[in-house]
Amino acid sequence: MDPPQDSAAPPSPPAQSGGSFGIPAMLVFASIVIIASPAMVPSCWYTRNSLSILHQVPEGHVGVYWKGGALLKTITEPGFHLKMPLVTQYEPVLVTLQTDQVRNIPCGTKGGVMINFEKIEVVNKLKKEYVYETLLNYGVNYDNTWIYDKIHHEINQFCSSHSLQQVYIDVFDQIDEKMKDALQCGCTKYAPGIEILSVRVTKPIIPERIRRNYEQMEEERTKVLISIERQKVVEKESETQKKMAIHEAEKTATVSNILREQKLKEKENAMELQEIENQMFIAHQKCLADADFYSAMKEAEANKMKLTPEFLELKFIEAIANNTKIFFGHKVVPDMVLDQRLLVGNFLENVSQQVHGERQMKSDDNA
């Protein structure tokens, strides 16, 4: 007899034709697929930004986001950020200095000559606080509207109001500032977040025939300028020589004046010395004359005091005694001697009277 079967035994699990995963495994797999989808799907930037969860905002940029095509007000700073895949799109926007190059800008001048600006560079910056407003009104390619298209318009406006001579030579150095002011004026009014920092305009390309004429004209102008500069150099040299001659003449005149003043000073000193010597000689001669006069006066006074009758008679006798000649005769000699004595006696008497009168007058004066 067969043993009885156990009716409480658990039923065996049903057979499976293939492997199965639980719900957590499915979620992990989906996450890996979504994160790795930018690498597995080499499509456009928009597709990669739509599928990725983790994204990076580069330095100098900010991150802007769209959900279902609508721009969100969320602005993210540089770094790693998360977003909803397939629902939210992301785009980095540059908020530091950038240079937009606008190429091949044709325009016609006032005279009808067609010229072409090969390249114009516009240095601009989007202000961070105006990112949302600017992108909301003009999109990510806002610079197409306010830089590329605006440059074409402003250059054509400028060329149409100026001649080729003005555009190519006369006011070419002013085009940079005029373009900068025109771009900034439009941006300030309609897109205040865009700041135009500078504009660099290259020389326009003009027709070859006109360019050759300008080159010839510039060559002639250069020759004229060289001649003018050479003339200035010659004039400068002549002026220098003239100044040197004047300086030399002034130097000679100054030396002559110094020598003349030196000679005059020497003559004046010699005259002063001569005058001093003359005064000394005059004073000496005067002293000698005064001494002689005084001596003569004293001698005269002494002689006057000596002229007494007795002294004169003594002198007369001495004179007769000194006479070595003796005359003999009976009449002539005695008469002569007597006559002489008579004459001498009269003379002595007169002198005696004069002396006596003078002494009387002096005594009266003293009294």
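All of these numbers come straight from a predicted model, not from anything done at the bench.
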For this session: Any chance you could lay out the side chain to side chain contact (heavy atoms under 4.5 Å, CB included) test for Val102 and His152, step after step, and finish with the verdict?
Result: CA-CA 8 Å; Val102 187; His152 280 269; 3.7 Å; yes
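Looking at Thr99, Leu97, Leu197, Asp100 one by one, the single match for side-chain contact (heavy atoms from CB on, under 4.5 Å) with Asn124 turns out to be Asp100.
Within the structure, the salt bridge (charged side-chain N to carboxylate O under 4.0 Å, His left out) test picks out no pair touching residues 264-288 (sequence neighbours left out).
Taking 4.5 Å as the limit, every side-chain heavy atom of Met244 sits out of range of all side-chain heavy atoms of His247. Between Val113 and Ile206, the closest side-chain pair of non-hydrogen atoms is not below 4.5 Å.
The two residues Phe117 and Cys159 have their closest heavy-atom pair at CE1-SG, 3.8 Å. Between Ile155 and Ile175 the shortest heavy-atom distance is CD1-CG2, 4.4 Å.
Residues Val201 and Val123 do not share a hydrophobic cluster, defined by chaining ILVMFWY side chains whose heavy atoms lie under 4.5 Å apart. Transitive grouping of hydrophobic side chains (ILVMFWY, heavy atoms separated by less than 4.5 Å) keeps Phe172 and Ile205 in distinct clusters. Phe80 and Leu82 fall within a single hydrophobic cluster, where Ile, Leu, Val, Met, Phe, Trp and Tyr are joined by side-chain heavy atoms under 4.5 Å apart, directly or via other members.
Taking 4.0 Å as the cut-off between side-chain N and carboxylate O, Glu218 and Arg221 count as a salt-bridged pair. A salt bridge does not link Glu261 with Lys263: none of the charged nitrogens is closer than 4.0 Å to a carboxylate oxygen.
Within 6.0 Å of atom CD in Gln165, more than 12 heavy atoms from other residues, nucleotides or ligands are found, so the atom counts as buried in its surroundings. The environment of NZ in Lys203 is crowded: more than 12 heavy-atom neighbours from other residues, nucleotides or ligands sit within 6.0 Å.
If you look at Tyr90 and Trp66, their ring centroids are not closer than 6.0 Å. For His162 and Phe158, the distance between ring centers is under 6.0 angstrom.
Counting only N and O atoms by type, the side chains of Gln101 and Arg103 include a donor and acceptor under 3.5 Å apart. Side-chain atoms of Tyr65 and Thr76 include a donor-acceptor pair closer than 3.5 Å. In summary, the side chains of Asn144 and Asp149 do not present any donor paired with an acceptor at a separation below 3.5 Å, with no hydrogens or angles considered.
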